[in-house]
Structures are given as C-alpha cells and as structure tokens.
Asker: 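Below are the structure tokens for one structure; questions will follow.
Heads up: numbering here begins at 1 and tracks the sequence.
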Amino acid sequence: MDHDVLNELLAGNERHVDGLPDAYFDAVQTGQHPDVVTVCCSDSRVPQERMWGVDDPGTVFTPSNIGNQVWDEDDGEQIVDGGLLYPIHHADTDVAAVVGHTGCGAVTAAYQAATGGSMPGPRGVDKWVGQLVPVVEEALESDLIDADADEETVINQLVEYNVDHQATFLRESDDVPDDVDVYGFVYDFQGIYGDEYGRAYLVNVNGETNPEAIAEEIPPEYVEATRSLLY
C-alpha cells in the first residue's frame with residue numbers, strides 16, 4: 001500500500017522537532033492563555049498561525065470550519081460554537097477574530113444554492129453550507145452587494161459580508177462578555193483587495209466597518225490593511 005502522504009507527514013514532523021529551540025514548550029506545559037481566538041475557514045490556503053507571524057505556542061487558539069462560522073446548532077437553536085467559547089471562558093482570552101478569505105468555496109456554494117443551484121454534498125458539508133445560505137440571501141437583498149457585478153466580485157463581497165455577520169452574532173451573544181474585542185478580517189491570497197498577497201485586511205472592529213473610521217483606531221503604518229469591498 002502507498003503511504004507517500006503519511007511518510008511526508010512523518011518527515012515534516014521530524015523537521016519540526018529538530019527545529020524547535022530548547023524550552024519551546026516550557027511556558028505552556030501546564031496550561032494555556034492564548035491572546036486571541038481566531039475562527040478561520042478550514043481552507044488549506046489559509047495558514048492560521050503563520051499569517052500572524054506567530055512563532056510561540058499558546059498564542060492563538062484556532063478553531064476552524066467551513067465558511068469561518070462562529071455558530072453551531074443545539075436543539076434547533078443557534079449558539080456560539082464551543083471551540084470559540086472555550087478559550088474565552090476557560091483560558092482568559094479576551095480577543096476574538098473572524099477570518100474569512102477571498103474566493104471562499106463555502107460562500108460560493110451557499111451563493112449557488114441561494115440562487116437556484118443545488119447543494120454540494122455530502123450531508124456533513126451541506127449542514128455548514130446550509131447555515132450560510134440565509135446570510136447570503138440577506139446580503140443579496142441588502143444594498144451592500146453589487147448583484148449585477150461578475151460572480152468573482154459578488155462572491156468576494158459576500159465573503160466580507162459574512163465576516164461582518166459572524167462578528168455581529170458574536171457581539172450580540174450573551175455568551176460572549178462585553179469586554180471581549182471582536183475583529184473581522186479577510187485574508188487575501190488572490191490580490192482582490194490590493195497587490196499584497198497574504199495580507200489580512202481588517203474589515204470590522206467591534207462592529208465598526210467603515211475603513212476610514214477603522215483607520216483612526218490603528219497605527220498609521222497599518223492603514224493600508226483597512227480596505228473594504230462593501231464601501
């Protein structure tokens with residue numbers, strides 16, 4: 001039997017072990033206190049820790065799912081996903097970030113379903129895509145999406161809209177304390193927002209989505225990372 005991928009994983013982990021400095025895990029041996037919990041799309045092109053330049057363990061808590069959704073369903077009720085709530089309630093984390101990405105397949109699938117197409121399947125995928133369909137429908141009925149634009153433009157506007165929607169859900173949930181900062185980003189590896197591939201564009205700061213207003217809250221050297229496709 002061919003185990004090429006397994007062999008690559010084992011070799012990669014060997015390089016990882018060999019490259020770790022002494023005492024790398026000492027500070028987190030008995031517990032964790034991550035600075036931020038980031039709910040990202042479970043897309044292989046979105047490097048959840050590397051995108052922030054993080055080298056130390058215990059810094060970023062990284063739940064991910066199809067379409068960077070902050071919710072799950074329990075007995076027919078939408079609740080904040082436990083993977084996001086755990087560090088907030090049990091590891092002293094007071095910053096949450098929703099991270100979408102350009103060209104998102106989950107948003108594309110939800111858009112296609114919302115506009116008369118079929119669900120992608122199988123059932124486990126359809127569950128998560130189905131939760132995005134109402135978000136897409138709401139977006140298309142708003143004045144923020146240019147529904148007459150080409151599909152790539154519409155999809156990327158919907159990606160940003162979804163990030164805002166997920167961030168709002170977090171901020172309005174009773175399970176998320178009021179003192180938790182909630183940020184929204186779109187990770188751009190396709191040059192949609194600008195010509196800096198790999199830039200995480202800041203599109204939401206505690207509910208503020210106007211790029212000019214956001215720019216006033218961050219150091220001047222990061223102003224180029226405050227662009228929006230919805231303004």
Side-chain angles (χ1 to χ4, degrees), residues 34-55 59-71 80-81 83-85 87-88 93-108 110 128 132 135-136 139 144-145 152-153 155-173 176 180-231:
D35 296 330
V36 58
V37 51
T38 66
V39 56
C40 296
C41 185
S42 51
D43 189 294
S44 62
R45 299 166 294 182
V46 182
Q48 293 191 46
E49 292 185 328
R50 189 177 178 186
M51 66 189 294
W52 309 117
V54 170
D55 295 319
T59 302
V60 183
F61 200 94
T62 57
S64 61
N65 57 56
I66 295 172
N68 47 273
Q69 300 178 60
V70 303
W71 50 44
V80 178
D81 185 81
L84 199 150
L85 284 180
I88 292 174
T93 303
D94 57 8
V95 175
V98 181
V99 186
H101 68 89
T102 53
C104 179
V107 172
T108 301
W128 290 96
L132 284 179
V135 179
V136 168
L144 295 174
I145 306 299
E152 180 184 55
T153 297
I155 294 300
N156 285 310
Q157 288 181 331
L158 290 171
V159 165
E160 186 174 325
Y161 186 97
N162 180 48
V163 167
D164 289 338
H165 191 94
Q166 303 294 329
T168 296
F169 186 85
L170 277 185
R171 294 181 65 248
E172 293 180 349
S173 172
V176 178
V180 171
D181 285 315
V182 179
Y183 306 136
F185 294 89
V186 177
Y187 184 75
D188 184 6
F189 55 80
Q190 297 176 324
I192 301 298
Y193 284 75
D195 57 5
E196 293 184 297
Y197 290 72
R199 172 74 67 188
Y201 287 92
L202 180 62
V203 299
N204 192 309
V205 174
N206 291 324
E208 178 58 68
T209 58
N210 186 306
E212 293 182 359
I214 292 175
E216 294 177 359
E217 300 189 37
I218 61 177
E221 59 265 34
Y222 304 128
V223 167
E224 287 301 309
T226 62
R227 301 177 189 179
S228 171
L229 300 182
L230 303 181
Y231 280 83

Asker: How are the rings of H101 and F189 set relative to one another: parallel (under 30°), tilted (30 to 60°) or perpendicular (over 60°)?
Answerer: parallel
Asker: Which residues pass the salt bridge (Lys or Arg N to Asp or Glu O under 4.0 Å) test with R45, not counting sequence neighbours?
Answerer: D43
Asker: What is the distance from atom CG of L85 to atom OG1 of T93, rounded to the nearest 0.5 Å?
Answerer: 11.5 Å
Asker: Spell out, as yes or no, whether a donor-acceptor pair under 3.5 Å connects the side chain of T168 to the backbone of D164.
Answerer: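 Judged by distance alone, yes, a pair lies under 3.5 Å.
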Asker: Would you say the side chain of P47 lies within less than 4.5 Å of the side chain of Y187, judging by non-hydrogen atoms?
Answerer: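 Yes, side chains in contact.
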Asker: At their closest point, which heavy atom of P63 faces which heavy atom of V37, and how far apart are they?
Answerer: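 Scanning both residues completely, I find the closest heavy atoms to be CD-CG2, 3.7 Å.
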Asker: Do you know which two heavy atoms are closest between A96 and V180, and how far apart they sit?
Answerer: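 For A96 versus V180, the nearest heavy atoms are N-CG1, 4.1 Å.
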Asker: Is a side-chain donor or acceptor of Q157 paired with a backbone partner of I145 at a separation under 3.5 angstrom?
Answerer: no
Asker: Ignoring hydrogens and geometry, is there a side-chain-to-backbone donor-acceptor pair from S228 to V203 under 3.5 Å?
Answerer: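 No.
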Asker: Identify each donor-acceptor pair in which a side-chain atom of residues 191-200 lies under 3.5 Å from a protein atom, sequence neighbours left out, and give them as a table.
Answerer:
residue: Y193; atom: OH; partner: E160; partner atom: OE1; Å: 2.6
residue: E196; atom: OE1; partner: R199; partner atom: NE; Å: 3.3
residue: E196; atom: OE1; partner: R199; partner atom: NH2; Å: 3.0
residue: E196; atom: OE2; partner: R199; partner atom: NH2; Å: 3.2

Asker: Which heavy atom of V163 sits nearest a heavy atom of G184, and at what distance?
Answerer: CG1-CA, 3.6 Å
Asker: Considering non-hydrogen atoms only, spot the tightest contact between Q48 and T38 and give its length.
Answerer: OE1-O, 4.2 Å
Asker: Roughly how far apart are T209 OG1 and L144 CG, rounded to 0.5 Å?
Answerer: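 Rounded to the nearest 0.5 Å, the OG1-CG separation comes out at 8.0 Å.
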Asker: Is the side chain of T226 donor-acceptor paired with the backbone N or O of V223 at a distance under 3.5 Å, no angle test?
Answerer: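 Yes.
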Asker: Restricting to non-hydrogen atoms, name the atom on L84 and the atom on V39 that form the minimum distance, rounded to 0.1 Å.
Answerer: CD1-CG1, 3.7 Å
Asker: Can you see which heavy atom on E208 is nearest to which on A213, and at what distance?
Answerer: CD-CB, 3.5 Å
Asker: To the closest 0.5 Å, what do you measure between OH (Y231) and CD (E212)?
Answerer: 10.0 Å
Asker: When rounded to the nearest 0.5 angstrom, what distance separates CG in L229 from CD1 in I155?
Answerer: 12.5 Å
Asker: Under 30°, 30 to 60°, or over 60°: which ring-plane class applies to H165 and Y161, parallel, tilted or perpendicular?
Answerer: parallel
Asker: side-chain contact (heavy atoms from CB on, under 4.5 Å) for N68 and V99? Distances and angles first, verdict last.
Answerer: CA-CA 6 Å; N68 47 273; V99 186; 5.8 Å; no
